[in-house]
Amino acid sequence: MINVLFAAADIRWDVYKDALPVAFEKAGLDVDLSRDHDPSVVDYIVYAPNSGLTDFTPFTRAKAVLNLWAGVEDVAGNQTLTIPLARMVETGLRDGMVEWVTGHVLRHHLGIDKNLKQQDGAWRQQVPPLAKDRPVTVLGLGELGATCGRMLAALKFPVTGWSRSQKDIPGITCLSGDDLDLALARADILVLLLPLTGETTNILNAERIAMMPKGAIVINPGRGALIDDDALLAALDSGHLSHATLDVFRKEPLPSDHPYWKHPQVTVTPHIASETRADTASDAIADNIKRGESGLPFVNVVDRDLGY
Ligand code: NDP
C-alpha cells in the first residue's frame, strides 16, 4: 500500500478525491489517499501552496512532492523540502493555455474590440492585416510557451521565442540569453510565459518596455510579478503600449481598487488562463508515483537552484 497525502485546499479535494483514485487504479497502483495521514507514513505528497503545509521535515519517508500547479515559486525555495519536487505538466493545462493565448492574440490582431464598439449603423471597412504581418514574441519556451508558439506559428504569425537555453523549434525564431532586447524589439504582441524566479521578477520593466514597438500589446498569463506594474501603466498612459491583457497579478485576487480594473486599455482575467484539469493531472501524478515505485527517475522535477 502506498500512502499519498493530499495537501491542498478543500475545493481541490472535492475534485481530486474522485479523480485521483481513478488514475491510481488505471496505473495499477494500490494507494491509500488521505488528507490526514500521519507524516511518518507518507510516501508521496500531492501539494498546492494554499494547503498550509510549509514544513516538510516530519515527512521522513516521503519520496517526492508532486505539485498540482505548473508554477512552483511558492515552494521551490522551501529549505525544509529536500526530496524531489515535481511540477505539473499535463495536456489539459497545455490545451487550456493554447486556447487562452491564441484567443487573446487573435482578439488584438483582428481588432475585435473595435467591431464590438462600432456597431452603430456606419459601414467602416477596416481590414486587419494577415497574421504573417503581425510579429508575436513569446518569452519562455517551455511546456506552455513552446506549445503556444507552435500554434501561433501554425496560424502564420511570425513567432520569436526567448528562453534561457537555446532551442530549435521548427517555425519559431528561437533566441536566448542576451537576445532578449531583440525579442522585445520584434514584439507587436508579447506573450509572457516565464516562471517567476529571482531572475525573471520585473523582467518587463520600463527600460524593456521601451524596446518594444510603439503600439505593442502585452499579454501576461505567466505571473504578475514578471511585470513592473507602474512601468506598464505609464507605458499604456503614454501610448507606447496600446493594450495589456493580464491574467495574473502580484496580489490575487486583484484588489478591487487596483488601477488595472478601471484602465480602458487593460483587460483583467482572474487567473483563469489555464487550470490544471483533474482527470489529466491525476494521470500525470499517478504516472510519476508509478515511476518512483519502479525505481525510475521522476519526470518534471524542479531545478531548485534555477527555481523552476
Ligand atoms: P517551463 O518550466 O516548462 O518553461 C519555462 C520557460 O521559461 C523555459 O523555456 C525556460 O528556459 C524559460 N526561462 C526560465 N527562466 C528564464 C530566464 N531567466 N531567462 C530566460 N528564459 C527563462 O514552464 P511552463 O511553460 O510549464 O509554465 C510557465 C509558467 O506559466 C509557469 O511557471 C506559471 O507561472 C505560468 N502558468 C500560468 C497559468 C495560468 O493560468 N495563468 C497556468 C499554468 C502556468 P529553458 O527552456 O532554457 O529552461
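Remember, it's 1-based here, ligands and their atoms both numbered in the order they're listed. As the structure is a computational prediction, the values presented were derived from the model and not from experiment.
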For residues 134-143, the salt bridge (charged side-chain N to carboxylate O under 4.0 Å, His left out) pairs (sequence neighbours left out) are Arg94-Glu143

Tested for side chain to side chain donor-acceptor pair (under 3.5 Å) against Tyr308, the lone hit among Arg87, Arg164, Glu73 is Arg164

Exactly one candidate in Thr200, Asn220, Leu194 meets side chain to side chain contact (heavy atoms under 4.5 Å, CB included) with Leu139; the answer is Leu194

Besides Leu5, the hydrophobic cluster formed by Ile, Leu, Val, Met, Phe, Trp and Tyr side chains linked at under 4.5 Å, directly or via other members, contains Val42, Ile45, Tyr47, Leu53, Phe56, Phe59, Val65, Val72, Val75, Leu81, Ile83, Leu85, Val302

Apart from Trp123 itself, its cluster of hydrophobic side chains linked below 4.5 Å comprises none

The ring pair (Phe, Tyr, Trp, His ring centres under 6.0 Å) partner of His243 among His109, His263, His108 is His108

Protein neighbours of ligand 1 with a heavy atom under 4.0 Å, given by chain and number, are Ala70, Gly71, Arg87, Leu93, Met97, Gly140, Leu141, Gly142, Glu143, Leu144, Gly145, Trp162, Ser163, Arg164, Ser165, Lys167, Leu193, Leu194, Pro195, Glu199, Thr200, Pro221, Gly222, Arg223, Asp247, Val248, His271, Ala273, Ser274, Tyr308

